[in-house]
Amino acid sequence: MASWTGEQESVALLDPVAGTFTFAGVLGDLYMWSSQFEYDDAMRTAYAFGQNRASQENVYTLSLGSQTATSAEVGGVQDGGLTNLVLGGVAADGKLVIAYWGGVEKLGFLDPATGLSTFSGVMDGLFMWSDQLVYGRTTGMTVGYGQDHSGANHFYVNALGN
């Protein structure tokens with residue numbers, strides 16, 4: 001989990017059984033975040049989208065093993081920037097699975113080392129959604145939930161690959 005200390009965004013591991021927290025590190029110079037946070041259990045790495053104090057939009061990476069944080073400016077995103085991006089998981093190659101909402105709901109991957117994104121699919125028929133995206137690393141499938149133009153709720157599935 002991530003939480004603002006008043007000066008920095010820190011990451012902690014929560015033991016839900018014991019109800020204890022273990023400090024894991026700080027997400028670099030992250031100042032204002034977009035509430036998009038992803039944890040890759042296999043790589044023990046946390047990711048977040050947000051801005052530093054200079055309003056630069058970045059993807060932040062924190063290795064829990066070394067407690068080392070890095071960031072890269074997010075590029076290749078349409079108008080709306082990070083406010084229109086949703087994190088949905090981490091692919092086997094370490095790229096973040098993202099959705100861009102705004103008109104057509106696009107799906108793709110963002111390289112956390114470079115901040116560059118590539119879009120490779122859409123959520124056909126999705127009009128309004130819950131900003132929730134799930135990616136299955138073993139299947140390469142993304143699932144989103146939302147409404148079509150008539151207001152009916154649906155699950156939307158797309159195969160992005162892995």
Check: What residues form a side-chain hydrogen bond (donor to acceptor under 3.5 Å, both in side chains) with Thr118, not counting sequence neighbours?
Finding: none
Checklist line | Residue pair Val97 / Ala91: nearest heavy atoms and the distance that separates them | finding: CG2-N, 4.2 Å
Note to self: When you measure from the side chain of Ser71 to the backbone of Val59, do you find a donor-acceptor pair of N or O atoms at a distance under 3.5 Å?
What the structure shows: no
Next item on the list: Determine which pairs satisfy salt bridge (charged side-chain N to carboxylate O under 4.0 Å, His left out) with at least one residue from residues 3-26, sequence neighbours left out, and list them in order.
Entry: none
Notebook entry, point to check: What pairs with Glu73 under side-chain hydrogen bond (donor to acceptor under 3.5 Å, both in side chains), at least two apart in sequence or on another chain?
Noted result: Gln56
Margin query: If the condition is side chain to side chain contact (heavy atoms under 4.5 Å, CB included), which residues does Gln147 pass it with, not counting sequence neighbours?
Written below: Met128, Asn153
Next item on the list: Give me the ring orientation class for His149 and Phe127: parallel if the planes are under 30° apart, tilted from 30 to 60°, perpendicular past 60°.
Entry: tilted
Check: Which atom names give the shortest non-hydrogen contact between Ala72 and Pro112, and what distance separates them?
Finding: CB-O, 3.6 Å
Check: Residues two or more places apart in sequence or in another chain: which of them pass side chain to side chain contact (heavy atoms under 4.5 Å, CB included) with Ala54?
Finding: Asn52
Margin query: My understanding is that only one of Leu87, Ile98, Leu85, Thr142 makes a side-chain contact (heavy atoms from CB on, under 4.5 Å) with Leu133; could you say which?
Written below: Thr142
Note to self: Could you work out, with ring-ring contact (aromatic ring centres under 6.0 Å, His included) as the rule, every residue matching Tyr145, not counting sequence neighbours?
What the structure shows: Phe155
Checklist line | Results of ring-ring contact (aromatic ring centres under 6.0 Å, His included) for Tyr39 - residues two or more places apart only | finding: none
Notebook entry, point to check: Where is the tightest heavy-atom contact between Gly146 and Tyr156, given as atom of each residue plus distance?
Noted result: O-CE1, 3.7 Å
Note to self: Would you say Val134 ends up clustered with Leu107 if hydrophobic residues are merged whenever their side chains have heavy atoms under 4.5 Å apart, either directly or through other cluster members?
What the structure shows: no
Check: Are the side chain of Glu57 and the backbone of Val74 linked by a donor-acceptor contact shorter than 3.5 Å?
Finding: no
Next item on the list: For Asp148, check side-chain hydrogen bond (donor to acceptor under 3.5 Å, both in side chains) against everything at least two apart and list the hits.
Entry: Ser150, His154
Next item on the list: Apply side-chain hydrogen bond (donor to acceptor under 3.5 Å, both in side chains) to Thr70 and list each qualifying residue two or more places apart in sequence or on a separate chain.
Entry: none
Next item on the list: With sequence neighbours excluded, tell me which residues meet side chain to side chain contact (heavy atoms under 4.5 Å, CB included) with Ser120.
Entry: Phe109, Leu160
Notebook entry, point to check: Nearest heavy-atom pair of Phe23 and Ser10: which atoms, and what distance?
Noted result: CE1-CB, 3.9 Å
Next item on the list: Only counting residues at least two apart or in another chain, list the ones meeting salt bridge (Lys or Arg N to Asp or Glu O under 4.0 Å) with Asp40.
Entry: Arg137
Item checked: Partners meeting side chain to side chain contact (heavy atoms under 4.5 Å, CB included) with Ser55 (sequence neighbours left out) -> Gln51
Margin query: Is there a continuous path of hydrophobic side-chain contacts, each under 4.5 Å between heavy atoms, that joins Tyr60 to Leu62?
Written below: yes
Checklist line | Main-chain N/O of Met43 paired with Thr45 side-chain donor or acceptor, under 3.5 Å | finding: yes
